[in-house]
Amino acid sequence: LQEAAGRAVSRQQGLHLSAQVAVASADRVQEARAVGARDLARLMEQALDEMLNSARLATVASWVARAEMRGVTAPIVGVAQAEIDLRHGLHMKAQAEALRALSQVGLDSRIRFRVLEVGARAAHVGSREEEALDLYVQAAQCAPDPRSERRALWGRVMCSAALEIEEAHELFRGLEQTTPRHDLEE
């Protein structure tokens with residue numbers, strides 16, 4: 001009985017969390033409709049992960065379309081389009097979009113990492129492991145924080161293993177040593 005009650009409480013907490021995410025997502029949609037062209041790129045940088053994690057692809061696509069209509073050329077627009085394309089199985093298009101965003105001048109390390117990482121994921125999904133490995137190496141070099149560096153390292157491990165490169169074992173050991181044990185997302 002206690003086990004069933006515990007499951008019911010967990011389910012209730014999950015529903016409450018889902019409702020909070022839905023409300024936050026709706027707020028982000030309203031924000032996007034109200035902002036100007038300059039602020040749209042900033043909003044996309046702040047909310048893109050939240051929207052992707054809550055499967056709001058149509059909303060992100062509408063943001064990209066709105067940004068393009070308003071002439072917003074910020075790299076985050078390319079990142080958003082690449083993320084959409086990747087989730088629709090268009091890995092070649094996603095990689096091309098990421099590389100196009102990479103060609104923009106003046107990328108800060110956070111956005112540069114993001115562009116390289118989505119391009120690398122697209123190449124990996126498309127079984128272009130050499131390209132993916134190269135992009136993950138570049139992403140690791142500009143990783144803005146330790147978590148991002150570990151994400152790039154994990155990508156290098158996957159690609160190295162797929163290519164049967166001996167370095168894969170060493171990379172994996174390095175990943176094990178740098179991953180915090182207390183962080184469930186890691």
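Numbering starts at 1 and runs along the sequence shown. Keep in mind the model is a prediction, meaning the values are calculated, not measured.
At a threshold of 4.5 Å between side-chain heavy atoms, the hydrophobic network of Ile, Leu, Val, Met, Phe, Trp and Tyr places Leu102 and Leu133 in two separate groups. Note on Leu86 and Val79: separate hydrophobic clusters, where clusters join Ile, Leu, Val, Met, Phe, Trp and Tyr whose side-chain heavy atoms are under 4.5 Å apart, directly or indirectly. Hydrophobic clustering (side-chain heavy atoms under 4.5 Å, transitive across Ile, Leu, Val, Met, Phe, Trp, Tyr) keeps Phe113 apart from Val77. Under a hydrophobic-cluster definition in which Ile, Leu, Val, Met, Phe, Trp and Tyr are linked whenever side-chain heavy atoms come within less than 4.5 Å, directly or via other members, Leu48 and Leu107 are assigned to the same cluster.
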**OP:** Tell me, with the steps shown, if Leu57 and Leu52 meet side-chain contact (heavy atoms from CB on, under 4.5 Å).
**Re:** CA-CA 6 Å; Leu57 295 184; Leu52 292 171; 3.8 Å; yes
**OP:** Apply the test side-chain contact (heavy atoms from CB on, under 4.5 Å) to residues Leu116 and Arg112: give CA-CA distance (whole Å), side-chain angles for both, the deciding distance (0.1 Å), then the verdict.
**Re:** CA-CA 6 Å; Leu116 288 163; Arg112 183 173 176 75; 4.0 Å; yes
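Annotation: side chain of Tyr136 is in contact with side chain of Arg121 (closest heavy-atom distance under 4.5 Å). Between Leu99 and Leu135, some side-chain heavy-atom pair lies under the 4.5 Å cut-off. Val64 places a side-chain heavy atom less than 4.5 Å from the side chain of Met44. Considering only heavy atoms from C-beta on, Val60 stays 4.5 Å or farther from Glu83 through its side chain. The side-chain heavy atoms of Asp85 and Gln81, taken from C-beta on, include a pair separated by under 4.5 Å.
Every residue two or more places apart in sequence or in another chain that forms a side chain to side chain contact (heavy atoms under 4.5 Å, CB included) with Arg110 is listed here: Asp108, Pro144, Asp145. For Arg173, there are no side chain to side chain donor-acceptor pair (under 3.5 Å) partners at least two apart in sequence or on another chain.
In summary, Glu97 and Arg100 engage in a salt bridge, as defined by a charged side-chain N under 4.0 Å from a carboxylate O. Ionic pairing of Asp39 and Arg70 is not present here: no N-O contact between side-chain nitrogen and carboxylate oxygen is shorter than 4.0 angstrom.
Atom CD of Gln104 is surrounded by more than 12 heavy atoms from other residues, nucleotides or ligands within 6.0 Å. For Arg128, the CZ atom sits in a packed shell: over 12 heavy atoms of surrounding residues, nucleotides or ligands are nearer than 6.0 Å.
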If you look only at distance, which donor and acceptor atoms sit under 3.5 Å apart when one is on a side chain in residues 159-169 and the other is two or more places apart or in another chain?
| from | atom 1 | to | atom 2 | distance (Å) |
| --- | --- | --- | --- | --- |
| Ser160 | OG | Arg156 | O | 2.8 |
| Glu167 | OE2 | Arg156 | NH2 | 3.4 |

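Looking at every heavy atom in both residues, Leu40 comes nearest to Trp63 through CD2-O, 3.9 Å. Contact detail for Ala101 and Pro75: the closest heavy-atom pair is CB-O, 4.0 Å.
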